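This report refers to the structure that appears directly beneath it.
Because the structure is a prediction, the values reported are computed rather than measured. Below, all heavy atoms of this structure are taken into account, side chains as well, without hydrogens, waters or symmetry copies.
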Amino acid sequence: MALAAIDDITYTDQVAEGRTVALFYEAQIGAVPLYEAQRLRLGADGLISDITLYVRPLPALTLLTARLGPDLARRNGKSGLARLIPLASGSMAATGERRIMPRVAPR
């Protein structure tokens, strides 16, 4: 499901130590570039027991949330939340990153 929302995935690096593996990739969500790191923890059986995702920049993360969130909410019986997620993840991230944050940067 998540991979259907992300385009042009290119894995760039893999690092492993013991039972921890880190995967890095670059992709697109529409025209927005996305960079993700995945920390995978493997159980004694060699299967993934835990995944932690790190996504940047914020506009890509909010777009990903808007695309995936409603379906996840509906699958968990939260149809009201499914309608709220696209509104909550609106354009503030993109607008804030382009217009607001540059105004507070050191000069």
Side-chain angles (χ1 to χ4, degrees):
M1 177 174 84
L3 295 180
I6 301 170
D7 302 314
D8 302 325
I9 296 173
T10 302
Y11 281 89
T12 58
D13 296 286
Q14 178 178 328
V15 180
E17 182 176 319
R19 291 192 176 151
T20 302
V21 177
L23 301 173
F24 301 87
Y25 74 75
E26 299 173 0
Q28 295 284 125
I29 298 182
V32 179
L34 174 137
Y35 305 94
E36 182 173 318
Q38 302 174 354
R39 182 181 63 199
L40 311 175
R41 295 206 172 153
L42 308 177
D45 56 5
L47 299 177
I48 297 169
S49 62
D50 183 63
I51 300 175
T52 304
L53 306 175
Y54 303 90
V55 178
R56 66 177 311 273
L58 185 56
L61 177 59
T62 55
L63 186 55
L64 183 61
T65 300
R67 287 189 177 187
L68 296 179
D71 188 48
L72 290 171
R74 279 189 291 280
R75 287 179 184 205
N76 289 301
K78 312 267 184 180
S79 59
L81 187 57
R83 289 188 298 275
L84 179 63
I85 289 171
L87 300 173
S89 60
S91 64
M92 180 54 194
T95 302
E97 187 167 287
R98 283 194 316 269
R99 296 193 180 138
I100 296 171
M101 294 311 293
R103 294 180 183 188
V104 299
R107 295 182 191 250

- [ ] Kindly compute the distance separating CZ (R74) from CZ (R83), expressed to the nearest 0.5 Å.
- [x] 9.5 Å
Task: Hydrophobic cluster partners of F24 (side-chain heavy atoms under 4.5 Å) - done: V15
Would you list the atom pairs, donor with acceptor, under 3.5 Å between side chains in residues 31-40 and any protein atom, with sequence neighbours excluded?
{"residue": "E36", "atom": "OE1", "partner": "Y25", "partner atom": "OH", "Å": "2.8"}
{"residue": "E36", "atom": "OE2", "partner": "Q38", "partner atom": "NE2", "Å": "3.0"}
{"residue": "R39", "atom": "NH2", "partner": "T52", "partner atom": "OG1", "Å": "3.1"}

Open item on the list: Hydrophobic clusters here meaning ILVMFWY residues chained together by side-chain heavy-atom distances under 4.5 Å, can you tell me if Y54 and L63 are in one?
Closed with: no
Task: R56, CZ: over 12 other non-hydrogen atoms inside 6.0 angstrom - done: no
Open item on the list: So, taking the atom named CD in Q28 and the one named CD1 in I6, what distance separates them when rounded to the nearest 0.5 Å?
Closed with: 11.0 Å
Task: Heavy-atom pair of closest approach, residues S49 and G43 - done: OG-N, 3.8 Å
Task: Single hit among D50, I51, D45 for side-chain contact (heavy atoms from CB on, under 4.5 Å) with I48 - done: I51
Open item on the list: With side chain to side chain contact (heavy atoms under 4.5 Å, CB included) as the criterion, how do V21 and L42 come out once you've worked through the C-alpha distance, each side chain's angles and the decisive distance to 0.1 Å?
Closed with: CA-CA 8 Å; V21 177; L42 308 177; 4.1 Å; yes
Task: N/O donor-acceptor pair under 3.5 Å between N76 side chain and L72 backbone - done: yes
Open item on the list: With clusters defined by side-chain heavy atoms of hydrophobic residues (ILVMFWY) lying less than 4.5 Å apart, directly or transitively, does L58 cluster with L53?
Closed with: yes
TODO: Please report the shortest heavy-atom distance between I29 and A60, naming the atom on each side.
DONE: CD1-O, 3.5 Å
